Amino acid sequence: MSDTDLTAEEIRDLRLLAGTMIPASEEFDVPGADDAAIFADILGSLGRDRGQVRAALGRFADLSGGGAPDQAAAALLAEPGPAVATLGRVILQCYYRDDRVIRSLGLEPRPPFPRGHILEQGDWSLLDPVRARPKLWRDAP
Amino acid sequence: MNEIVDVLIIGSGASGAAVAYSLADTKMRILCLEQGDWIKPSEFPSNGRDWEARRYGDFDISPNKRGRVTDYPVNDDASIMKVANFNAVGGGTIIYTAHWPRMHPSDFRVRSLDGVADDWPIDYRTLEPFYTENDRMMGVSGLAGDPGVPPRAPAMPPVPLGKTGTRYALAMNALGWHWWPSDTTVATTEYEGRAPCINLGHCTPGCAQGAKASTDITYWPHALRAGVELRTRCRVREIVTNEHGMASGAIYYDADGIEHFQPAEVVVLACNGVGTPRLLLNSVSSRFPGGLANSSGLVGKNLMMHPWPMVVGYANERVDGDRAPITSLWSKQFYETDPSRDFVRGYMLQFSRGTGVVNEAITSAAAGRLPWGKDHHRVYRELVYRRLAIGVACEDLPEEHNRVTLDPVLTDGNGIPAAKIDYTISENTRRMMEHGIARAEEILTAAGATNISASRTLLNYPGHLLGTARMGTDPDRSVVNAWGRCHDVKNLFIVDGSIWVTSGGVNPTSTIQALALYIADQIKQRLSVLFD
């Protein structure tokens with residue numbers, strides 16, 4: 001695991017939540033967000049979001065009260081607010097840059113620069129009826 | 001002490017860069033103070049695999065979320081819309097979308113034509129040559145012949161339609177509504193040393209290719225070669241005045257927090273619609289106890305931020321996603337006032353290309369479209385790269401209760417009071433928003449989209465900053481005159497979005513820069529009588 005100042009209990013709960021939120025899927029041939037590599041990325045990427053994530057984990061601990069973690073996770077994720085939103089974001093932004101996940105979507109695991117992408121030109125004759133219109137804008141004195 | 005300069009420009013963004021460039025041919029000694037740094041292309045997010053995540057970090061459009069040492073906080077708790085800016089050489093042009101509509105002639109005559117707000121003291125015809133000059137400097141791609149806007153001649157061909165644009169175009173033709181490929185400052189061919197767009201994706205967090213025009217790569221190289229000095233990491237605290245009530249210079253902090261005084265013959269503010277009133281309100285003295293240039297009491301008031309609902313739907317197949325510039329088409333079908341509607345003025349529709357895999361997941365989870373748990377993967381695959389999104393760019397009219405003040409508690413890293421925003425959306429604008437949302441839903445339906453939803457308060461609103469030091473001929477009803485000079489301080493000019501009288505329903509950068517070039521031209525024409 002990457003360096004983090006989360007406690008062992010917080011790390012355990014975060015991994016449980018990650019796997020609950022995005023479980024592995026045989027149907028789509030993808031790991032869950034609790035996969036070792038993805039979870040290491042999550043832990044190593046908390047950065048400025050650490051405070052909000054800890055707040056979400058604290059709330060999760062309160063809700064679970066020592067049992068029924070699935071119900072506690074469901075209750076936590078139903079709560080609005082910045083802590084849960086941040087928790088979701090930090091998990092999603094790491095999950096959806098994992099090479100295996102990106103390939104499962106039929107995409108290339110690479111940054112946009114320097115190769116970029118190809119954009120098809122399209123059919124500019126679609127503009128013909130628009131060109132034939134009178135002007136729409138108003139003159140002003 | 002620093003040597004006196006002829007012209008001190010505060011802020012190096014859209015307007016500050018344009019003024020510096022234009023005034024450089026006077027051979028005056030010109031200095032620009034910028035609180036941010038130069039940003040290298042290699043620092044932009046699209047160089048790395050974490051490029052989408054950084055939109056929520058060091059390249060967030062909100063200074064509060066970004067939190068760089070070069071940023072200042074803004075208390076926007078009392079505003080439904082949030083502030084967007086960037087503090088670096090190039091300012092907000094580093095992170096803007098590069099969408100490039102101009103105001104319409106009617107936007108300058110709102111009172112005369114529609115009986116609301118106020119007319120501008122200048123008109124479209126006055127600004128037109130400066131729009132043209134600015135387009136040449138920034139480099140614009142687009143297509144002439146649009147019946148929806150006044151004539152203009154983009155230098156480069158438009159960004160291709162692609163799959164997403166084609167869907168929009170077919171839908172708009174079926175509905176019989178106006179559309180046109182957007183003008184953008186994304187270079188589609190080589191242009192003045194800029195490489196053409198290679199479709200890196202969203203242009204907002206900075207263009208690693210250098211295809212998107214930002215003033216650090218357009219105006220500034222010319223201005224620096226012409227002798228303008230640009231001093232970075234200099235955060236101005238206040239404008240100082242002398243015994244004659246004239247601006248004598250500015251006090252600023254350098255990167256080490258050391259205080260300096262920079263004397264100047266002329267001071268030009270180019271700090272945007274929040275930064276400029278913040279600076280004026282913080283520049284109090286016995287002569288100006290309510291803040292500098294504020295005898296009208298209007299400094300900070302009439303803030304306009306462009307409410308911008310987003311309507312999203314999903315196609316039944318993959319479209320372009322984030323594999324091209326976000327800007328695609330615009331429609332002016334509903335831009336001008338129509339007496340049959342229940343609101344005055346109007347809006348532009350801005351058709352977006354799509355979004356990336358991470359942002360799709362984050363925004364869809366936040367909107368409740370994307371569940372957690374076993375259904376996550378199935379639903380996500382029905383969303384990714386299928387997004388169609390239309391923004392409704394609403395004009396909001398000036399209202400004095402929408403304002404920028406100084407926060408009594410919050411400060412920046414140098415102890416300078418932060419700006420506080422109070423902003424609500426008017427009933428006229430709310431009706432306009434709902435009209436636009438309904439039309440966008442019709443368009444998306446015609447484009448074959450399903451799962452359509454509207455967001456009235458986005459995660460990241462555009463947060464344009466306009467109107468807080470308005471132009472006018474009456475010193476009791478405006479802060480600056482018809483050529484940007486403060487009524488109260490005859491060697492103090494404002495050139496940013498603060499001086500807007502009304503907001504139009506368009507992205508503002510093109511007009512902000514045209515105004516800056518116009519004011520610089522006025523300064524040059526009046527040099528011998530500038531302080532009369």
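What you see is a predicted model; the values in this text were computed from it and never measured. What you see below is based on every heavy atom in this structure, not just the backbone, and it leaves out hydrogens, waters and symmetry mates. Below, chains carry the letters A, B, ... as their sequence lines are ordered, and counting in each starts from 1.
Using the six-membered ring where Trp is involved, B:H376 and A:Y95 have ring planes that are perpendicular, over 60° apart on the 30 and 60° scheme.
When B:N47, B:T166, B:D119 are compared by the number of non-hydrogen pairs under 4.5 Å with chain A, B:N47 comes out ahead. With respect to chain A, the highest number of heavy-atom pairs below 4.5 Å among B:T164, B:V384, B:L161 belongs to B:L161. Interface summary for chain A: among B:D123, B:V358, B:L143, the most heavy-atom pairs under 4.5 angstrom belong to B:V358. The most heavy-atom pairs under 4.5 Å with chain B, out of A:L105, A:D139, A:D49, A:T20, come from A:L105.
Aromatic pair B:Y380/A:Y96: centroids less than 6.0 angstrom apart.
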Open item on the list: Let's go through B:R55 and A:Q93 carefully: what are the C-alpha distance in whole Å and the side-chain angles of both, what is the deciding distance for side-chain hydrogen bond (donor to acceptor under 3.5 Å, both in side chains) to 0.1 Å, and is it a yes or a no?
Closed with: CA-CA 11 Å; B:R55 289 183 53 187; A:Q93 69 193 21; over 6 Å; no
TODO: Give the C-alpha distance, both sets of side-chain angles, the deciding distance and a yes or no for salt bridge (charged side-chain N to carboxylate O under 4.0 Å, His left out) between A:R138 and B:D114.
DONE: CA-CA 12 Å; A:R138 285 186 289 178; B:D114 299 321; 3.1 Å; yes
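One distance of note links CG of A:L127 with CE of B:M172; it measures 11.5 Å at 0.5 Å rounding. Here A:R133 contributes atom CZ and B:W177 contributes atom CH2; the two are 10.5 Å apart, rounded to the nearest 0.5 Å. One finds the CG atom of A:L17 at 10.5 Å from the CH2 atom of B:W372 (value rounded to the nearest 0.5 Å).
Using a 4.5 Å cut-off between heavy atoms, A:P23 contacts chain B through both its backbone and its side chain. Proximity to chain B is limited to the side chain of A:I102, based on heavy atoms less than 4.5 angstrom apart. If you measure heavy-atom distances from B:R323 to chain A, the contacts under 4.5 Å come from both the backbone and the side chain. Using a 4.5 Å cut-off between heavy atoms, A:P109 touches chain B through backbone and side chain atoms alike. Within the 4.5 angstrom heavy-atom criterion, atoms from both the backbone and the side chain of B:R378 approach chain A. With a 4.5 Å cut-off on non-hydrogen atoms, A:R89 touches chain B through its backbone and its side chain both. Of the two parts of B:P157, neither the backbone nor the side chain holds a non-hydrogen atom closer than 4.5 Å to a non-hydrogen atom of chain A. If you measure heavy-atom distances from A:D123 to chain B, the contacts under 4.5 Å come from the backbone alone.
Between A:D41 and B:R49 there is no side-chain heavy-atom pair separated by less than 4.5 Å.
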